[in-house]
**Student:** 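Handing you this structure, nothing more for now.
Order of listing sets the numbers, starting from 1, for every ligand and every atom in it. Only a predicted model underlies this, so the values are computations on that prediction, with no experimental measurement involved. Here, residue 1 is the first one in the sequence, and each next residue gets the next number.
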Amino acid sequence: MSSKVVVAIDGPSGSGKSSTSRGAADRLALRYLDTGAMFRAMTWFMLSEGVDVHDREAVAAKADEPEIESGTDPHGPAILVNGEDVAAAIREPEVTNAVSPVSIVPEVRSRLLDLQRSIIGEGGIVVEGRDIGSVVWPQAEVKLYLTANTDARARRRAAEEGGSDVSGVAESLLARDKIDSGRRTAPLTMPAGAVHIDTTPFTLDEVISQVVALATEASGSGT
Ligand code: DC
């Protein structure tokens with residue numbers, strides 16, 4: 001496997017993106033970057049500063065403040081804000097409910113875009129998000145767009161969160177989809193040249209194998 005390949009994996013939450021990206025990075029011995037965790041870290045910072053996340057100007061004014069460090073180990077990607085480990089805190093419902101309005105703000109996106117591009121650097125990485133193949137790294141050798149039907153997505157997310165309120169989770173997923181797909185800057189969309197995989201009928205292992213095959217083929221063809 002060429003160590004330079006960039007695999008961009010986009011799609012809505014619950015589509016199997018995170019498990020697929022981590023599994024593929026592990027099997028391909030590549031680094032892994034979870035850009036959603038960076039938006040969550042920015043959101044955690046805004047909440048900890050008492051910023052009203054619906055006030056775009058207030059969010060924009062603070063977007064340059066936090067130092068955000070993202071690890072790239074697929075087995076346990078670190079995420080730190082001003083040196084503080086926020087890996088668990090960014091998965092709390094307060095952050096999940098506030099992340100879409102923070103992600104809309106152009107100053108937040110451009111700050112994180114710079115960070116994401118510098119981490120991707122020379123490649124050798126699987127990157128997951130909403131706009132990786134369209135905006136962050138359109139030149140990625142492999143671009144994937146993962147989806148799954150709403151029921152499958154809600155069941156997976158509810159299981160991850162250890163809860164049983166599948167219909168509540170479905171509602172929250174659909175609300176976030178609407179904001180993520182409708183925003184002006186870098187909306188969630190299937191990038192040009194992406195391979196679309198509907199993961200609904202497949203096991204995680206089957207999806208990972210498809211990604212590994214595509215990445216192996218791309219690096220074998222000398223790209
Ligand atoms: O993948 P996730 O659920 O952890 O992402 C959290 C939020 O971050 C998601 O609702 C939209 C935003 N996001 C984004 O706008 N662009 C990305 N590249 C990744 C995530």
**Student:** Do Thr96 and Arg40 get their side chains close enough for a donor-acceptor pair, meaning under 3.5 Å?
**Tutor:** yes

**Student:** Would you mind running through ligand 1 and noting each atom that sits below 4.0 Å from a heavy atom of Gly129?
**Tutor:** 18 (N), 19 (C)

**Student:** Report, in ascending order of atom number, the atoms of ligand 1 lying under 4.0 Å from any heavy atom of Arg176.
**Tutor:** 3 (O), 6 (C), 9 (C), 10 (O)

**Student:** I need the Ile125 CD1 to Leu33 CG distance, nearest 0.5 Å.
**Tutor:** 5.0 Å

**Student:** Heavy-atom contact check, 4.0 Å cutoff: does Arg109 meet ligand 1?
**Tutor:** yes

**Student:** Which residue supplies the protein heavy atom nearest to atom 18 (N) of ligand 1, what is that atom called, and how far is it?
**Tutor:** Asp131 OD1, 2.8 Å

**Student:** Tell me the protein heavy atom at minimum distance from atom 12 (C) of ligand 1, and give that distance in Å.
**Tutor:** Ser103 OG, 3.4 Å

**Student:** Counting each atom of ligand 1 from 1 as listed, which ones have a heavy atom of Ser100 under 4.0 Å away?
**Tutor:** 10 (O)

**Student:** Under 4.5 Å between any side-chain heavy atoms of Arg153 and Asp177, yes or no?
**Tutor:** yes

**Student:** Specify the protein heavy atom at minimum distance from atom 8 (O) of ligand 1: its residue, its atom name, and the distance to 0.1 Å.
**Tutor:** Phe39 CB, 3.5 Å

**Student:** Below 4.0 Å from ligand 1: does a non-hydrogen atom of Lys17 turn up there or not?
**Tutor:** yes

**Student:** For ligand 1, does Arg130 get within less than 4.0 Å through its side chain, its backbone, both, or neither, judged by non-hydrogen atoms?
**Tutor:** both

**Student:** Any heavy-atom pair between the side chains of Val7 and Glu141 that's under 4.5 Å?
**Tutor:** no

**Student:** What's the shortest distance from atom 4 (O) of ligand 1 to any protein heavy atom, and which residue and atom give it?
**Tutor:** Arg40 NE, 2.7 Å

**Student:** Which one of Thr20, Ile197, Ile208 satisfies the side-chain contact (heavy atoms from CB on, under 4.5 Å) criterion with Phe202?
**Tutor:** Ile197

**Student:** Hey, any chance Val207 and Met190 share a hydrophobic cluster, counting ILVMFWY side chains that come within less than 4.5 Å of each other, even indirectly?
**Tutor:** no

**Student:** Would you mind reporting whether Leu30 and Val5 have side-chain heavy atoms less than 4.5 Å apart?
**Tutor:** yes

**Student:** Taking CZ in Arg157 as the centre, count heavy atoms belonging to other residues, nucleotides or ligands within less than 6.0 Å. Is the count above 12?
**Tutor:** yes

**Student:** For atom 19 (C) of ligand 1, find the nearest protein heavy atom and state the residue, atom name and distance (0.1 Å precision).
**Tutor:** Thr35 OG1, 3.4 Å

**Student:** Looking at Asp180, which atoms of ligand 1 are within less than 4.0 Å of one of its heavy atoms?
**Tutor:** 9 (C), 10 (O), 11 (C)

